[in-house]
Participant: 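First the structure, which I've put down as structure tokens, then a few questions once you've had a look.
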2 protein chains.
Amino acid sequence: MVSALNNGLDYRQMLRDAGLRVTPQRASIVTILSETDDHPSVEDLYEKTRTLDDTVSVATVYRTMSVLENAGLVRKLVMDDAPARYEMMPQTDHDHLVDVESGDLVEIPGTEIAELMGRVASELGYHIVSHHTVIRARKV
Amino acid sequence: MVSALNNGLDYRQMLRDAGLRVTPQRASIVTILSETDDHPSVEDLYEKTRTLDDTVSVATVYRTMSVLENAGLVRKLVMDDAPARYEMMPQTDHDHLVDVESGDLVEIPGTEIAELMGRVASELGYHIVSHHTVIRARKV
DNA sequence: TGACAAATGCGACTAATTCGCATTAACAAG
DNA sequence: CTTGTTAATGCGAATTAGTCGCATTTGTCA
């Protein structure tokens with residue numbers, strides 16, 4: 001899922017390009033987040049990152065996610081009734097659906113939804129900064 | 001904005017129809033929520049309701065919102081970084097947009113977004129239980 | 001009217017996230 | 001390299017939205 005080129009060095013470069021200081025903690029956190037296929041919470045990230053670098057603290061994971069979100073490198077998924085989850089900003093845009101039975105988070109491929117929102121928002125004289133969509137659904 | 005018929009008695013009936021006990025607290029809370037044009041948080045509701053009935057507690061406002069949401073009478077709007085807000089379940093469906101400058105919550109009329117989501121979800125073998133969309137946007 | 005389940009107020013509690021502060025370390029300039 | 005500046009870190013305390021336990025009250029329905 002992750003290209004062989006996306007190793008630690010690339011993430012370091014990615015941080016630098018965004019004008020962020022490259023600390024070992026940030027590099028570890030980003031590495032873990034990039035290697036993960038699901039959408040981890042801060043707690044998930046914290047635990048996995050500790051296996052790689054036991055100097056990171058939860059506070060730093062929170063701060064790093066916040067910083068990366070502002071830099072547009074990471075997307076935060078706000079859940080209805082559970083801690084937020086994160087993903088690397090996807091190249092292929094998509095939305096998310098929560099399976100109410102299992103709690104699974106399913107990706108909805110395609111950009112239709114975002115496009116429609118953009119269109120509709122511009123009709124009201126706005127342009128979208130970000131959108132937070134939670135679709136709760138059940139298998140048919 | 002609120003029809004003259006929607007007085008306290010109607011709300012009492014609405015609760016009864018939903019199979020819920022009609023307590024004075026619930027009647028007061030629903031009255032306040034119905035008379036409000038904006039989208040109040042629990043804190044807002046609590047304060048306004050106290051002016052009408054000083055026996056209500058915050059806990060009851062939380063519990064009432066939860067009960068009414070499950071009954072499909074109220075819609076909860078989950079915010080990114082602020083307490084949840086509520087509205088009476090609208091007869092004319094719409095989504096919401098938060099002006100990131102002012103914090104204002106703007107209603108987006110129309111059902112296009114919900115329809116698209118339903119279509120897209122069914123392609124994945126799901127049917128939507130509920131969806132909350134909050135678009136964060138900036139005036140052009 | 002009485003019985004019983006459900007709802008309430010209160011305050012204690014939980015869980016997610018943020019913050020203050022002293023310390024450390026990244027980076028740019030020399 | 002060294003160094004000065006400034007941002008980032010760890011820690012634990014603080015904050016905040018929301019929930020819970022429990023004793024008491026109160027709708028509802030027979």
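Quantities reported herein were computed from a predicted structural model and do not represent experimental measurements. Reckoned from all heavy atoms, side chains included, excluding hydrogens, waters and symmetry mates. So you know, we letter chains A, B, ... as the sequences are listed, proteins then strands, and number each from 1.
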Participant: Could you tell me the separation between the CZ atom of B/R85 and the P atom of D/dG18, rounded to a whole number of Å?
Facilitator: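 My rounded result for the distance is 12 Å.
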Participant: Using a cut-off of 4.0 Å on non-hydrogen atoms, how would the nucleic acid contact of B/V67 be classed: base, sugar-phosphate, or nothing?
Facilitator: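 Result for B/V67 = nothing.
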Participant: Contact class for A/R26 vs. all strands (heavy atom < 4.0 Å): base, sugar-phosphate, or nothing?
Facilitator: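 Result for A/R26 = sugar-phosphate.
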Participant: Spell out, as yes or no, whether a donor-acceptor pair under 3.5 Å connects the side chain of A/R85 to the backbone of A/H39.
Facilitator: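 Indeed, once roles are kept as given, a pair shorter than 3.5 Å links the two residues.
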Participant: Ignoring the backbone of A/T64, work out which of C/dC27, C/dC10, D/dT9 is nearest its side chain.
Facilitator: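 Given the options C/dC27, C/dC10, D/dT9, the side chain of A/T64 is closest to D/dT9.
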Participant: Within the distance-only criterion (no hydrogens, no angle test), does the side chain of A/S57 pair as donor or acceptor with the backbone N or O of A/T60 below 3.5 angstrom?
Facilitator: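 Yes; judged by distance alone, with no hydrogens or angles, the pair exists.
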Participant: What's the closest nucleotide to the side chain of A/R63 if the choices are D/dT9, C/dT17, D/dT28?
Facilitator: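 So the side chain of A/R63 is nearest to D/dT9.
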Participant: Could you work out which one of C/dA16, D/dT9, C/dC27 sits closest to the side chain of A/Q25?
Facilitator: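 The nucleotide sitting nearest to the side chain is D/dT9.
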Participant: Atom CG of B/D44 and atom P of D/dG18: how far apart are they, to the nearest Å?
Facilitator: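 For the pair B/D44 CG and D/dG18 P, the rounded distance is 12 Å.
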Participant: What is the distance, to the nearest angstrom, from the CG atom on B/L45 to the C1' atom on D/dG18?
Facilitator: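 About 14 Å, once rounded to whole Å.
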Participant: In whole Å, what is the span from the CD atom of A/E43 to the P atom of C/dT14?
Facilitator: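 Result: 17 Å.
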Participant: Can you figure out which of C/dT8, C/dA16, D/dT9 approaches the side chain of A/Y62 most closely?
Facilitator: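 Output: C/dA16.
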Participant: Just to be sure I understand the rule, does A/V42 reach a base, reach only the sugar-phosphate, or reach nothing, if contact means heavy atoms closer than 4.0 Å?
Facilitator: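 Nothing, no nucleic acid heavy atom in range.
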Participant: Just compare D/dG18, D/dG12, D/dG27 and give me whichever is closest to any side-chain atom of A/A59.
Facilitator: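 Of the options given, the side chain of A/A59 lies nearest D/dG12.
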Participant: Output the rounded distance in Å from CZ (B/R16) to C1' (D/dT26).
Facilitator: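 Going from CZ in B/R16 over to C1' in D/dT26 covers 14 Å.
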Participant: Given atom CD of A/E69 and atom P of C/dT18, what is their separation to the nearest angstrom?
Facilitator: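 So the two atoms are 10 Å apart, to the nearest Å.
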Participant: Atom CD1 in B/I29, atom OG1 in B/T64: separation rounded to 0.5 Å?
Facilitator: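 Between atom CD1 of B/I29 and atom OG1 of B/T64 there are 3.5 Å.
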Participant: Between C1' on C/dA15 and CG on A/D80, what's the gap in Å once rounded to a whole number?
Facilitator: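 Rounded to the whole Å, the gap is 16 Å.
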Participant: Is it true that, when you exclude B/E112 itself, more than 12 heavy atoms of the residues, nucleotides or ligands shown sit nearer than 6.0 Å to its CD?
Facilitator: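 Incorrect, the count does not exceed 12.
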Participant: Distance from B/L20 atom CG to B/L73 atom CG, nearest 0.5 Å?
Facilitator: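 CG of B/L73 is found 6.5 Å from CG of B/L20.
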Participant: Determine whether any donor atom in the side chain of A/R21 lies under 3.5 Å from an acceptor atom in the base of D/dT6, or the reverse, and answer yes or no.
Facilitator: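 Pair found.
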Participant: If you compare every side-chain N and O of A/T23 against the phosphate oxygens of C/dA25 (OP1, OP2), does one of them come in below 4.0 Å?
Facilitator: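 A/T23 to C/dA25 OP1/OP2: no side-chain N or O under 4.0 Å.
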Participant: Quick one: A/N70 CG to C/dT18 C1', roughly how many Å, whole number?
Facilitator: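 A/N70 atom CG is separated from C/dT18 atom C1' by 14 Å.
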